Asks: 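Next up is a structure, given as structure tokens.
Residue numbers begin at 1 in each chain, while the letters A, B, ... track the order of the sequences. Computed from a predicted model, the values in this text were never measured in an experiment.
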Protein chains: 2
Amino acid sequence: MKKDNSTEEKIKQAAKEVFISKGFSGCSTREIAKASGINVALVNYYFRSKSQLFALIFNAAMEDFTNTMVEVFGRNLSLPEKMRILIDKEYYFLSNHPELPTFIINETNRESGISFANAGFFEKMTKTGIFEQCIEAQQKGEMRKIDLRNMTLLILSNCHYPFMSKNMMKSMLKIEDDQWKEAIEFHKIHVTELLVNYLFPKNNENEK
Amino acid sequence: MKKDNSTEEKIKQAAKEVFISKGFSGCSTREIAKASGINVALVNYYFRSKSQLFALIFNAAMEDFTNTMVEVFGRNLSLPEKMRILIDKEYYFLSNHPELPTFIINETNRESGISFANAGFFEKMTKTGIFEQCIEAQQKGEMRKIDLRNMTLLILSNCHYPFMSKNMMKSMLKIEDDQWKEAIEFHKIHVTELLVNYLFPKNNENEK
DNA sequence: AACTATTTTAAACAGTTGTTTAACTTTTTA
DNA sequence: TAAAAAGTTAAACAACTGTTTAAAATAGTT
């Protein structure tokens, strides 16, 4: 059938890069075509429309985005251990994909945005058993009584925002790239202690 | 000279709304014109170009954005008090301007973005004396030894991200608007305790 | 080899983009 | 009130947008 899939793949590859760094409305079909070294018409030949190509890229990105969380929460470990490993892995992942959180948030906010398959995140999370594990730990008094939505938000805030705000922080604090990188290293340590201490307080003051 | 400034002001007003909710490349001059009920040509008549109008809006937004922090840090209060009041005020401000952090971060990331006057944030922060106050508190052992860049990032992460991620979280956690609002109320309390406890630890374990 | 199906191309499409023009109305000035 | 200035308008501009077309090139099949 197909000669080979290199053209289709080349487009996907370039589209991923361009879409994620510039957003859906921040780039054109021709820009993607040029980035992949192919003719403009081929984008629609293989993917029917800019929107459909975008939906493909977005869903894959969403999958990558939530992967770490689902994977780590699914392990057979104590909650504090999961937390430490998760933060470590998130910081490592985001060091290599710093534009991803901004991309997801932007496209989720865009009106007339895609229907948003969501990659079944909630179901996957439930399947890991993390919710039961948390509730059990809370009943045993090992974990602070906190709604799990808030727990999730605390984790994501402290992992995603530092990377999202890189350029803003550099400008606001008048620092350069290497200083930012240094700060992020320390930040990971702070965030880990911050969250672990808060969610799993020492026994001397277990209440409130 | 001018008949009155209502036209100029109408454009600014509409531009602010449209730019902040859709971003620079997410909207057109004609959209702003339509939103302010004026002729397209008047946008360039009053502001020379889309870019120049944008720069105006952006700088004002940046000012609003950093206002609370500078104002609260400039008060004559203890550090934990400042922290509690700041978080409270940020959550209140962002409830009314939830799109602002995403807007600032996006436009700071956009390549060929504006030169970014930055509204002299760093200088204003220095002038409040917050840095000296922190260093003094750290020497006294009242505050955790943490780089002030990391402290700033911790605060902003936990204030901005919850509002930025609203739609994403609603979709990921399968919740509706009222449930999100409820969660945010609790979140503010968590964030306050989280940060105050971490930055100003109880006397029994001042080290580390 | 000829025939069919797939892939690639340049060109065109209709609509939108930021911006400018030149004519007009209204306001201010003298 | 007449002249100058400021404000407003519809129309045009060239460049760009997503998408389609129809012809050309290539591959696979018999």
Side-chain angles (χ1 to χ4, degrees), chain A residues 1-59 61 103 106-107 110-116, chain B residues 1-59 61 103 106-107 110-116:
Chain A
M1 296 285 160
K2 286 172 188 166
K3 216 182 350 178
D4 62 2
N5 65 348
S6 84
T7 301
E8 196 171 339
E9 210 51 47
K10 265 194 285 180
I11 300 175
K12 262 198 222 170
Q13 199 62 36
K16 187 176 171 183
E17 254 176 67
V18 176
F19 274 141
I20 288 180
S21 70
K22 302 199 173 183
F24 180 80
S25 53
C27 72
S28 66
T29 319
R30 280 171 178 80
E31 188 174 350
I32 293 169
K34 186 171 277 182
S36 39
I38 55 99
N39 188 286
V40 213
L42 287 179
V43 174
N44 282 38
Y45 176 78
Y46 282 105
F47 302 97
R48 288 187 58 86
S49 73
K50 187 191 179 189
S51 305
Q52 284 202 29
L53 173 56
F54 178 80
L56 216 72
I57 303 298
F58 179 87
N59 287 330
F103 171 69
N106 270 329
E107 300 302 334
R110 184 161 53 90
E111 60 181 329
S112 76
I114 43 170
S115 59
F116 194 16
Chain B
M1 295 288 158
K2 287 173 189 167
K3 215 185 348 178
D4 64 3
N5 65 347
S6 84
T7 301
E8 195 171 342
E9 210 51 46
K10 266 194 284 182
I11 300 175
K12 261 198 224 173
Q13 199 62 35
K16 187 177 171 183
E17 254 176 67
V18 177
F19 273 143
I20 288 180
S21 69
K22 302 199 174 184
F24 180 81
S25 52
C27 73
S28 67
T29 320
R30 281 171 177 82
E31 187 175 352
I32 293 169
K34 186 171 276 181
S36 41
I38 54 99
N39 188 287
V40 214
L42 287 179
V43 173
N44 282 38
Y45 176 76
Y46 281 106
F47 302 97
R48 288 187 59 88
S49 73
K50 186 190 179 190
S51 304
Q52 283 202 29
L53 173 56
F54 178 81
L56 217 70
I57 302 298
F58 179 87
N59 287 331
F103 172 70
N106 270 331
E107 300 303 334
R110 185 161 52 92
E111 60 180 328
S112 76
I114 44 172
S115 60
F116 193 17

Asks: Please give, in whole Å, the distance from D:dT8 C1' to B:Phe47 CZ?
Replies: 15 Å
Asks: Output yes when at least one side-chain N/O atom of A:Thr29 is less than 4.0 Å from OP1 or OP2 of D:dG18, else no.
Replies: yes
Asks: Could you check which residues of residues 33-42 of chain A get a heavy atom under 4.0 Å from DNA chain C? Sort them by number, please.
Replies: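 Of all residues in residues 33-42 of chain A, the ones placing a heavy atom under 4.0 Å from DNA chain C are A:Asn39, A:Ala41, A:Leu42.
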Asks: If you take all heavy atoms of B:Ile32 and B:Ser36, which pair is closest and at what distance?
Replies: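 Heavy atoms only, the tightest pair is O-OG, 2.7 Å.
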Asks: Establish, with yes or no, whether the OP1 or OP2 oxygen of C:dT20 is under 4.0 angstrom from a side-chain nitrogen or oxygen of B:Asn44.
Replies: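 Indeed, a polar side-chain atom of B:Asn44 lies that close.
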Asks: I'd like to check the side-chain contact (heavy atoms from CB on, under 4.5 Å) partners of A:Gln52; sequence neighbours left out, ordered by chain and number.
Replies: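 For A:Gln52 the side-chain contact (heavy atoms from CB on, under 4.5 Å) partners, ignoring immediate neighbours, are A:Arg48, A:Ser49.
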Asks: If we only count heavy atoms from C-beta on, is the B:Phe47 to B:Lys12 side-chain gap below 4.5 Å?
Replies: yes
Asks: Search all heavy atoms of A:Ile11 against all heavy atoms of A:Leu42 and return the closest pair with its distance.
Replies: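 Closest heavy-atom pair between A:Ile11 and A:Leu42: CD1-O, 3.9 Å.
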Asks: Contact between A:Glu107 and A:Phe54 at the side-chain level, heavy atoms closer than 4.5 Å - yes or no?
Replies: yes
Asks: Of all the heavy-atom pairs spanning A:Tyr46 and A:Thr7, show the shortest one and how long it is.
Replies: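 In this case the closest contact between A:Tyr46 and A:Thr7 is CE1-CG2, 3.6 Å.
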Asks: Cation-pi check for A:Phe58 against A:Arg110: NZ or CZ below 6.0 Å from the six-membered ring centre and within 45 degrees of the axis, yes or no?
Replies: no
Asks: Could I get the full list of side-chain contact (heavy atoms from CB on, under 4.5 Å) partners for A:Ala35, not counting sequence neighbours?
Replies: A:Ala14, A:Val18
Asks: Find the distance B:Tyr45:OH to C:dA22:P and express it as a whole number of Å.
Replies: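 Taking OH of B:Tyr45 and P of C:dA22, I get 16 Å after rounding.
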Asks: It should be established whether B:Thr7 places a side-chain nitrogen or oxygen under 4.0 Å from OP1 or OP2 of nucleotide D:dT8.
Replies: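 The answer is yes; a side-chain N or O of B:Thr7 sits under 4.0 Å from OP1 or OP2.
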Asks: Please tabulate, one pair per line, each protein N/O and nucleotide N/O from nucleotides 12-16 of chain D that are separated by under 3.5 Å, including the distance.
Replies:
unit_1 : atom_1 : unit_2  : atom_2 : d
D:dA12 : N6     : B:Arg30 : NH2    : 3.4

Asks: Please report the closest heavy-atom contact between A:Ala33 and A:Val40, naming both atoms and the distance.
Replies: CB-CA, 3.8 Å
Asks: For residues 15-27 of chain A, pull every pair meeting side-chain hydrogen bond (donor to acceptor under 3.5 Å, both in side chains), keeping only residues two or more places apart or in separate chains.
Replies: A:Lys22-A:Glu31, A:Lys22-B:Glu111
Asks: Let me know the distance between CG of B:Leu53 and P of C:dG18, rounded to the nearest Å.
Replies: 11 Å
Asks: I need the CZ-C1' distance between B:Arg48 and C:dG18, as an integer number of Å.
Replies: 14 Å
Asks: So, for B:Phe24 and B:Lys50, which heavy atoms are closest and what is the spacing to 0.1 Å?
Replies: O-NZ, 2.8 Å
Asks: Within residues 12-23 of chain A, which residues have any heavy atom lying less than 4.0 Å from an atom of DNA chain D?
Replies: none
